[in-house]
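Have a look at the structure below before the remarks.
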Amino acid sequence: MEDKKTFYITTPIYYPSGNMHIGHTYTTVATDVFARCKRLQGYEVMFLTGTDEHGMKIEEKAKEAGVTPKEFVDSIVEGDHGVKALWKLMNISNDRYIRTTDAYHERAIQRIFKKMYDKGDIYKGKYEGLYCTPCESFWTESQLVDGKCPDCGREVKWAEEEAYFFRASKYAPAVRKLLTETDFLEPKSRVNEMVNNFLDCEGGLQDLCVSRTSFTWGIPVDFDPKHVVYVWLDALFNYVTALGYQNEEYDDMRFWPGVNIGGKEIVRFHSIYWPAFLMSMELPLPQKLYGHGWLVFEGKKMGKSTGNVVDPYLLAERYGVDALRFFLLRTFPFGSDGNFSNELLISCINTDLANDLGNLLSRSTAMVEKYFGGTLPAEQAEGPEDAPLLAVAEGLRERYAAAMDAFQPQTALTEVFTLIQRANKYIDETAPWALAKDMEANGARLARVLYNLIEACRVAGVLLSPFMPESCDKLFEQLGAPAEVRTWDSVAVWGGMPVGVPVRRGAALFPRIDVKTELAELEKIVAASQRKGPVIELEPQAEDEVDFDTFCKSDFRAVKVKDCQAVKKSDKLLRFTLDDGTGTDRQILSGIHKFYEPEQLIGKTLLAIVNLPPRKMMGLQSCGMLISAVHKVDGEEKLNLIMLDDAIPAGAKMC
């Protein structure tokens, strides 16, 4: 039997200095869709994602959090709402997950560094230049924007330290040829930027700093341990160490070379230094580097460094994982920036998923149930209205495959939805409800019309399955489609759906969303999430003035709690036995049981006003009042007794 063709695809390995946002999700979902598509087509796929866990920024973040760097990254990668949890939620089908703190990767990087050094491609020198800690990037003065990092807009700082350098300049001609004479980097708009700004700029391509001594959180250079490997050399080689290069963990280099997917902000390192590293190690270059555009929010790039993020957990849990996956790739051309908005997301769900796809499936299955009891007969009659629908289906699989091979998922989806929209129009043209009025005359024709609609749903479902795997499984269940007609081969020609299968209308795959109500609710959620802290409400200050002599008549004393008991038959009252310094115990009742348990207060020194007239509460006499502070937090009442230093003696007067 012929071996399957292999396909290797990777996301970038993400920097876990904070939780993932919708931009990371966009990249990972897109990569997942490409991987699923290749599996559907019969390839043996290796899909890699992971995290880049070393560097100064992680070291500083961990210090701020009071934990070790490893503890810090573990919490973000493995923890609740962490990276792995998000990819599980988003139904990401990665075959392997690499962390640069994995022991096998660290050993491999040390071996790679030493080989480059022995070859003369790495040498020791001194780094002097501008450095952006949030981006872990070095910049020249000319590359700054308004004197700040061109990627995140943060301040850069001058850095001087002993360092090892990689002879990138040695490989500049070969890299330039790779970029300008091949299709290695796409979209093509990225090529001129890389060549003009980094290869043909004044001074040409500079050698790259590949070690640091100013921090310790990194892979030690084993022959010079005061140095740690700089994150980009450490990070980029993950794509081959995860396959077993220079380590004994795996033996999967047969998948290399592969396709690297990433946002345009990392194209510089992936298109210039990554090929140069591979040339140094005499390894094959990647098949493709695709630098997609950014999702922007209110005109600004999303990112942890800029503090501008959209929470994918909120969106996935609110609208469904498949709806979010679909929206990200249906709405934005993959090579260009896309302006994210909640309105756009809801509109996409309502228009494409609820109206077009959902409506087609619901109407088609409902009519099969209504007119044929859920099973289409074999006797069917073709009609002239069939031709336009079949013309759209003709060659659809090949057009879809060409778009996916060109890393244009939006175009592939447009092809599928052309079929879906044409099928909805076909319903209006054929008017099945009119045909059903005379089943004896029109039954065979009606059966063919409904068969074509069910077949359109099936073909669309197969091609949409990489984008919305769970929803397409539900679609196939409603159609009664057996496993053999859910395959890539089965959509090569029209008519793969067998007759006689049970067709059953199910719940709506994507219910419509009330736009106005939903946007208002989202505004509340976003406003709450953006607050710096809880909303605190204070009682307004009294407007009535109290003259000084009247105030002076109030006798505030320190009191010590000798005993405290809950009052029977009362949910609120506590009964205090207090030492007020007079030698006679004082009893005060206070309605604070909601906020304190009696045992919490015994022995405490409190503040009381002791010259109020006695009053009875639940049949018990209360002589005075304990002083508390009250406020509301997010609408909930909070009360704190005023507690004094225990060194203050009972009976001391407050003034």
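The chain is numbered in sequence order, starting from 1.
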For a 4.5 angstrom cut-off between non-hydrogen side-chain atoms, does [X] reach [Y]?
{"X": "Lys288", "Y": "Asn260", "value": "no"}
{"X": "Val73", "Y": "Tyr15", "value": "no"}
{"X": "Lys84", "Y": "Glu78", "value": "yes"}
{"X": "Met90", "Y": "Thr28", "value": "no"}
{"X": "Phe237", "Y": "Phe277", "value": "yes"}
{"X": "Thr241", "Y": "Ile98", "value": "yes"}

[X] and [Y]: side chain donor to acceptor below 3.5 Å:
{"X": "Tyr97", "Y": "Thr51", "value": "yes"}
{"X": "Arg330", "Y": "Thr414", "value": "yes"}
{"X": "Glu161", "Y": "Thr213", "value": "yes"}
{"X": "His292", "Y": "Thr27", "value": "yes"}
{"X": "Arg96", "Y": "Thr49", "value": "no"}
{"X": "Trp232", "Y": "Asp52", "value": "no"}
{"X": "Gln410", "Y": "Thr331", "value": "no"}
{"X": "Tyr123", "Y": "Asp207", "value": "yes"}
{"X": "Glu162", "Y": "His227", "value": "yes"}
{"X": "His270", "Y": "Tyr239", "value": "yes"}

Taking the inter-plane angle between the rings of Phe223 and Phe113 on a 0 to 90° scale, is it parallel (under 30°), tilted (30 to 60°) or perpendicular (over 60°)?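 Rings of Phe223 and Phe113: tilted, as their planes differ by 30° to 60°.
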
Please verify the inter-ring angle class for Trp274 with Trp256; under 30° counts as parallel, over 60° as perpendicular, anything in between as tilted. perpendicular

So, for [X] and [Y], which heavy atoms are closest and what is the spacing to 0.1 Å?
{"X": "Arg190", "Y": "Lys264", "answer": "NE-CB, 3.5 Å"}
{"X": "Pro275", "Y": "Leu285", "answer": "O-CD2, 3.7 Å"}
{"X": "Ala403", "Y": "Ala412", "answer": "CB-N, 3.6 Å"}
{"X": "Lys188", "Y": "Thr182", "answer": "NZ-O, 2.8 Å"}

Do Lys61 and Phe72 meet the cation-pi criteria used here (NZ or CZ under 6.0 Å from the six-membered ring centre, within 45° of the axis)? no

How far does [atom1] of [X] sit from [atom2] of [Y], to the nearest 0.5 angstrom?
{"X": "Gln408", "Y": "Leu413", "atom1": "CD", "atom2": "CG", "value": "11.5 Å"}
{"X": "Lys226", "Y": "Ser211", "atom1": "NZ", "atom2": "OG", "value": "9.5 Å"}
{"X": "Leu86", "Y": "His81", "atom1": "CG", "atom2": "NE2", "value": "9.0 Å"}
{"X": "Lys114", "Y": "Ile112", "atom1": "NZ", "atom2": "CD1", "value": "14.0 Å"}
{"X": "Arg99", "Y": "Asn238", "atom1": "CZ", "atom2": "CG", "value": "13.5 Å"}
{"X": "Ile109", "Y": "Thr100", "atom1": "CD1", "atom2": "OG1", "value": "8.5 Å"}

Do the side chain of [X] and the main chain of [Y] share a donor and acceptor less than 3.5 angstrom apart?
{"X": "Asp311", "Y": "Tyr313", "answer": "yes"}
{"X": "Asn196", "Y": "Asn192", "answer": "yes"}
{"X": "Asp322", "Y": "Glu470", "answer": "yes"}
{"X": "Glu282", "Y": "Met279", "answer": "no"}

Can you list every ring pair (Phe, Tyr, Trp, His ring centres under 6.0 Å) pair that touches residues 170-194, not counting sequence neighbours?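 Every ring pair (Phe, Tyr, Trp, His ring centres under 6.0 Å) pair that includes a residue of residues 170-194, provided the two are not neighbours, is Phe166-Tyr171.
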
Determine, step by step, whether Arg39 and Ser93 satisfy the side-chain hydrogen bond (donor to acceptor under 3.5 Å, both in side chains) criterion, reporting the C-alpha distance in whole Å, the side-chain angles of both residues, the deciding distance to 0.1 Å, and the verdict. CA-CA 11 Å; Arg39 292 193 195 100; Ser93 63; 2.8 Å; yes

So, do Tyr319 and Phe326 have ring centers that fall under 6.0 Å from each other? no

